Number of protein chains: 2
Amino acid sequence: MDGGFVRAALTDAYQVTMAYGHWKHGRAEEKSAFEVTFRTGPFGGPFAVFAGSEDFLEFVGKFAFNDDDLAFLMKSYPEMELGFFDWLRNVDTSKVVIRSVKEGTVVFPMEPLVTVEGPLAVVQLLETALLNLTNFASLVCTNALRHRIVAGPSATLVEFGLRRAQGPDGAMTASFYSYAGGVDATSNVLASELYGIPLRGTHSHSYVQSYSGEDLAKVNGNIKTPNGESRSLLASTLEHRRRLGWTETNQGELAAFLSYAQAFPTGFLALVDTYNTLGSGVLNFIMVGMALMDAGYTPVGVRLDSGDLAELSILVREKWKSVAAEDPRYEKLASCTIMASDNINEESLLEMNERHHEINSFGIGTNLVTCQAQPALGLVFKLVEINDRPRMKICSGKSTLPCKKSIIRMYNSSTSRVLDLIVLCDQPLPRLGKESTFYSPTDQGV
Amino acid sequence: MDGGFVRAALTDAYQVTMAYGHWKHGRAEEKSAFEVTFRTGPFGGPFAVFAGSEDFLEFVGKFAFNDDDLAFLMKSYPEMELGFFDWLRNVDTSKVVIRSVKEGTVVFPMEPLVTVEGPLAVVQLLETALLNLTNFASLVCTNALRHRIVAGPSATLVEFGLRRAQGPDGAMTASFYSYAGGVDATSNVLASELYGIPLRGTHSHSYVQSYSGEDLAKVNGNIKTPNGESRSLLASTLEHRRRLGWTETNQGELAAFLSYAQAFPTGFLALVDTYNTLGSGVLNFIMVGMALMDAGYTPVGVRLDSGDLAELSILVREKWKSVAAEDPRYEKLASCTIMASDNINEESLLEMNERHHEINSFGIGTNLVTCQAQPALGLVFKLVEINDRPRMKICSGKSTLPCKKSIIRMYNSSTSRVLDLIVLCDQPLPRLGKESTFYSPTDQGV
């Protein structure tokens with residue numbers, strides 16, 4: 001993603017020592033073919049979404065060792081002949097041919113996702129960056145899609161992971177590929193600024209905590225209505241408070257909500273669990289929300305960030321509905337948004353679905369960006385041919401399929417996918433109406 | 001780590017909306033104090049190693065929104081008053097005071113690791129980057145130390161995670177803080193080049209696979225001995241092969257080992273599991289190793305990358321010892337290095353320890369850099385005082401300790417740590433010989 005570290009030296013040392021070995025034996029330019037694949041689907045599921053190919057192609061296009069890299073390598077490997085560094089200085093990717101499944105394709109274990117053909121030592125030098133740029137991108141894209149599938153098409157999903165990701169670039173990559181995988185928005189300002197992802201965010205507990213009860217009288221609650229009239233949110237809120245008898249709610253929290261609603265009359269989404277979700281936060285939201293509605297605005301809703309989220313969402317919705325039923329002026333309360341954001345993951349989404357939660361929007365942080373359920377995809381890069389002859393590895397549990405291969409994706413008449421076939425690149429295609437026999441690539445210990 | 005993304009806009013949207021709320025109510029400059037802490041030790045253990053503070057301090061020192069950021073925010077928040085963007089344009093951190101435990105300190109749950117004091121809205125804008133830059137750094141540093149503790153002081157640990165990390169910067173951060181946490185070296189060329197971490201790496205399976213049996217005769221096995229004499233590694237190896245009767249080993253693998261040994265006569269560490277670890281790889285290593293010893297060099301050893309690593313290491317060591325015992329010219333074989341690198345983690349290290357493995361060096365990738373066992377530390381940033389008055393959050397399971405605090409680390413006479421006390425900043429210190437009462441911060445649901 002970031003240009004800074006994506007350069008030829010972003011590689012494993014053994015790529016350089018192997019390149020030297022090949023160069024020294026006159027084999028650096030031998031014709032080779034490598035394939036990218038993965039052995040098992042991530043997160044216990046059958047599929048992955050392949051991503052990162054655009055970053056990788058950009059890397060390949062500008063691949064070159066700079067003077068600093070060469071000086072560093074010469075110092076690190078005094079035993080290497082100087083001719084190798086001349087070769088390394090002039091190495092380019094003009095003879096490399098890359099075939100790849102399209103960015104964002106749903107793919108399956110053992111399938112050839114990318115085939116890289118070219119001079120043996122050059123292709124070897126591309127391996128590590130290729131894997132670095134596609135492994136995490138594909139993983140987080142897959143993770144986002146899985147969260148989307150479980151949350152359903154109508155839920156709004158917001159990626160909240162910036163503070164928990166693997167550093168700044170890890171976070172930016174996660175924001176980008178979460179959006180690609182099916183999330184609606186991010187909390188990450190820079191990701192929104194640079195990648196055009198919709199931006200979301202309201203306030204944290206500290207905003208609520210920064211207000212004390214005595215601040216309530218000091219909140220300047222004047223807003224302009226959509227028609228341009230002046231109106232006091234504070235007076236209106238206190239009037240509702242008296243009328244409803246909800247005088248025991250936390251006053252600092254009420255002051256904070258008023259202050260936020262005044263600053264964002266069209267974007268009032270209140271975090272309600274700082275002190276007591278049902279006993280204070282939700283009631284304070286309703287009172288300020290009514291004041292906003294009195295002034296002609298519609299409050300957005302609440303965010304739940306602790307406790308039993310499904311249960312709380314049901315109770316909040318019931319409360320809103322009963323208040324709305326009592327007074328038709330406030331009927332919009334019933335359909336306000338409930339957002340939830342405490343350690344959301346696939347499992348908790350499934351569990352909340354079963355309990356018929358009333359949540360409209362999920363903020364997903366740690367589990368989305370660190371891919372907590374499986375933090376690495378395990379894409380590998382394997383030699384499949386050299387000088388047009390097939391190669392394979394046959395060690396225990398990690399064997400590879402030899403030869404350059406491609407995928408045939410078969411559809412039935414209704415265009416839904418039926419079957420993927422892994423075939424040799426030069427193999428005749430199966431023909432309609434003619435019987436063909438195929439084998440599972442994962443059978444027989446392969 | 002990288003400069004590119006570490007800038008003021010690397011923040012959550014709600015920091016900006018909260019700053020606006022505070023600014024609009026004249027509270028942006030209120031005196032506030034926030035603390036960084038974590039609720040439970042990572043990886044099921046009691047401690048963490050705090051890291052990332054230097055990156056964060058650098059960020060604070062140059063904190064400023066640039067014109068692009070301001071233009072983006074103005075477009076994103078048309079409801080905000082223009083005066084706020086003037087404030088944002090001029091915001092700086094000159095009034096912010098930061099106290100932190102030292103980089104690399106072992107710390108415990110609920111302890112105040114960093115205290116940030118300053119104008120409320122400014123400190124709020126620093127939160128996300130602070131957490132982003134310290135969360136993963138501390139986690140991976142802790143993870144590396146835990147691996148070091150389990151592997152013991154004499155094992156060589158090499159970080160192999162570049163291809164599985166969260167993108168390029170995630171990998172660079174992981175390499176840097178793995179080294180800080182107790183790993184000896186990295187495979188990451190760029191991390192070695194930029195951070196001075198020792199570099200390690202030899203060859204992969206593809207190097208072995210790139211050779212066929214027919215290549216054996218073609219390997220130009222001539223090397224110079226340390227004394228400058230010419231010598232044929234090939235002839236010497238084939239002589240050992242005949243003598244030992246090991247004629248069934250894979251010839252392509254033997255050719256690859258010869259080629260690698262010729263390129264790196266002082267750095268011959270062979271990956272032995274491409275075809276059959278005990279039936280081919282180890283025997284080929286011994287034959288080429290003997291040829292190297294004939295020429296006056298000492299082979300380094302082997303790397304095991306699949307199968308039962310502890311069992312294989314014991315069998316390899318036995319084989320080496322028996323060969324060395326039969327012929328004193330090759331006694332150095334017995335003490336060659338056995339490296340292992342297949343999905344190593346704390347658990348597998350413990351299990352191998354119990355089985356008295358013979359491994360000298362571990363290559364640790366995925367589990368080290370993604371922190372697979374727990375991919376997020378959960379450092380949080382909590383408001384503890386505003387205008388010198390204590391603040392706390394009391395929601396279920398996530399309550400905070402109010403007031404500015406510091407840590408007193410108590411030692412006994414032998415300088416080993418006995419106890420950490422969390423105290424208020426202005427609290428008198430406990431005195432020697434005088435009884436004091438303290439409470440556990442995690443008792444009573446706090």
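We name chains A, B, ... by the order of the sequence lines, and we start the count at 1 in each one. Note that this is a predicted model, so its numbers are computed, not measured.
- Side-chain contact annotation: A:Asp169 with A:Thr173, donor-acceptor N/O pair under 3.5 Å present.
- Residues A:Tyr260 and A:Thr202 bring no donor and acceptor atom of their side chains to less than 3.5 Å of each other.
- When heavy atoms are compared at a cutoff of 4.5 Å, B:Phe59 does not approach chain A at all.
- Residue contact with chain B, scored on non-hydrogen atoms closer than 4.5 Å, is absent for A:Thr186.
- Of the listed residues (B:Ala174, B:Ala129, B:Gly378, B:Ser187), the greatest number of heavy-atom pairs within a distance under 4.5 Å of chain A belongs to B:Ser187.
- Interface residue A:Leu10: backbone and side-chain heavy atoms are both found under 4.5 Å from chain B.
- Rounding to the nearest 0.5 angstrom, the gap separating the CG atom in A:Asn343 from the CD atom in A:Gln372 is 6.5 Å.
- The closest side-chain heavy-atom distance from B:Phe5 to A:Leu194 is below 4.5 Å.
- Contact tally against chain B (heavy-atom pairs below 4.5 Å) for A:Lys218, A:Gln374, A:Lys75, A:Arg389: the top residue is A:Arg389.
- Under 3.5 Å, the side chains of B:Ser175 and B:Glu159 contain a donor-acceptor pair of N or O atoms.
- Side-chain contact of B:Glu253 with B:Ser280: a donor-acceptor pair under 3.5 Å is present, judged by distance alone.
- Contacts between A:His25 and chain B at a heavy-atom distance below 4.5 Å involve the side chain alone, from C-beta outward.
- Looking at B:Ser32, neither its backbone nor its side chain comes within 4.5 Å of chain A, counting heavy atoms on both sides.
- Here the side chains of A:Met18 and A:Leu125 are not in contact, with every heavy-atom distance at 4.5 Å or above.
- Contacts between B:Val140 and chain A at a heavy-atom distance below 4.5 Å are absent for every atom of the residue.
- The greatest number of non-hydrogen atom pairs below 4.5 Å with chain B, out of A:Asn135, A:Leu162, A:Val369, is found for A:Leu162.
- Both the backbone and the side chain of B:Leu383 have a heavy atom closer than 4.5 Å to some heavy atom of chain A.
- For the pair A:Lys24 and A:Glu81, the salt-bridge criterion is met [side-chain N within less than 4.0 Å of a carboxylate O].
- For the set B:Ala263, B:Ala376, B:Ser210, B:Ala71, the entry with the most heavy-atom pairs within less than 4.5 Å of chain A is B:Ser210.
- Among the candidates A:Glu193, A:His203, A:His22, the residue making the largest number of heavy-atom pairs closer than 4.5 Å to chain B is A:Glu193.
- With a 4.5 Å cut-off on non-hydrogen atoms, B:Phe264 touches chain A through its side chain but not through its backbone.
- When heavy atoms are compared at a cutoff of 4.5 Å, B:Asp69 approaches chain A by way of both its backbone and its side chain.
- Annotation: maximal heavy-atom pairing with chain A below 4.5 Å, among B:Leu130, B:Asp68, B:Val219, occurs at B:Asp68.
- For a residue to count as touching a neighbouring chain, one of its non-hydrogen atoms must lie under 4.5 Å from one of that chain's; by this rule B:Tyr207 touches chain A with backbone and side chain alike.
- Ranked by heavy-atom pairs shorter than 4.5 Å toward chain B, the options A:Gln262, A:Arg27, A:Met80, A:Glu79 are led by A:Arg27.
- The greatest number of non-hydrogen atom pairs below 4.5 Å with chain A, out of B:Ala137, B:Pro375, B:Ala191, is found for B:Pro375.
- In summary, A:Asp273 and A:Arg303 do not engage in a salt bridge, as defined by a charged side-chain N under 4.0 Å from a carboxylate O.
- When the candidates A:Ile386, A:Leu131, A:Leu190, A:Leu139 are compared by the number of heavy-atom contacts under 4.5 Å with chain B, A:Leu190 comes out ahead.
- Every salt bridge (Lys or Arg N to Asp or Glu O under 4.0 Å) that A:Arg163 has, sequence neighbours left out, goes to B:Asp12, B:Glu127.
- For an aromatic pair to be called close, the ring centres must be under 6.0 Å apart, and A:Tyr211 with A:Phe257 fails this.
- Only the side chain of A:Leu73 comes within contact range of chain B, with heavy atoms under 4.5 Å apart.
- The shortest distance between side-chain heavy atoms of B:Tyr77 and A:Leu199 falls below 4.5 Å.
- A donor-acceptor pair shorter than 3.5 Å cannot be found between the side chains of B:Asn250 and B:Asn276.
- With a 4.5 Å cut-off on non-hydrogen atoms, B:Leu120 touches chain A through its side chain but not through its backbone.
- In terms of non-hydrogen atom pairs under 4.5 Å with chain A, the most contact-rich of B:Gly201, B:Ser204, B:Cys371 is B:Ser204.
- A:Pro390 approaches A:Pro402 most closely through the heavy-atom pair CB-CB, 4.0 Å.
- Of all the listed residues (B:Glu385, B:Gln124, B:Arg200), the one sharing the greatest number of non-hydrogen pairs under 4.5 Å with chain A is B:Gln124.
- When the candidates A:Phe136, A:Phe381, A:Phe160, A:Phe34 are compared by the number of heavy-atom contacts under 4.5 Å with chain B, A:Phe136 comes out ahead.
- With a 4.5 Å cut-off on non-hydrogen atoms, A:Phe72 touches chain B through its side chain but not through its backbone.
- Side-chain contact between A:Leu304 and A:Thr277 is present, with heavy atoms from C-beta onward closer than 4.5 Å.
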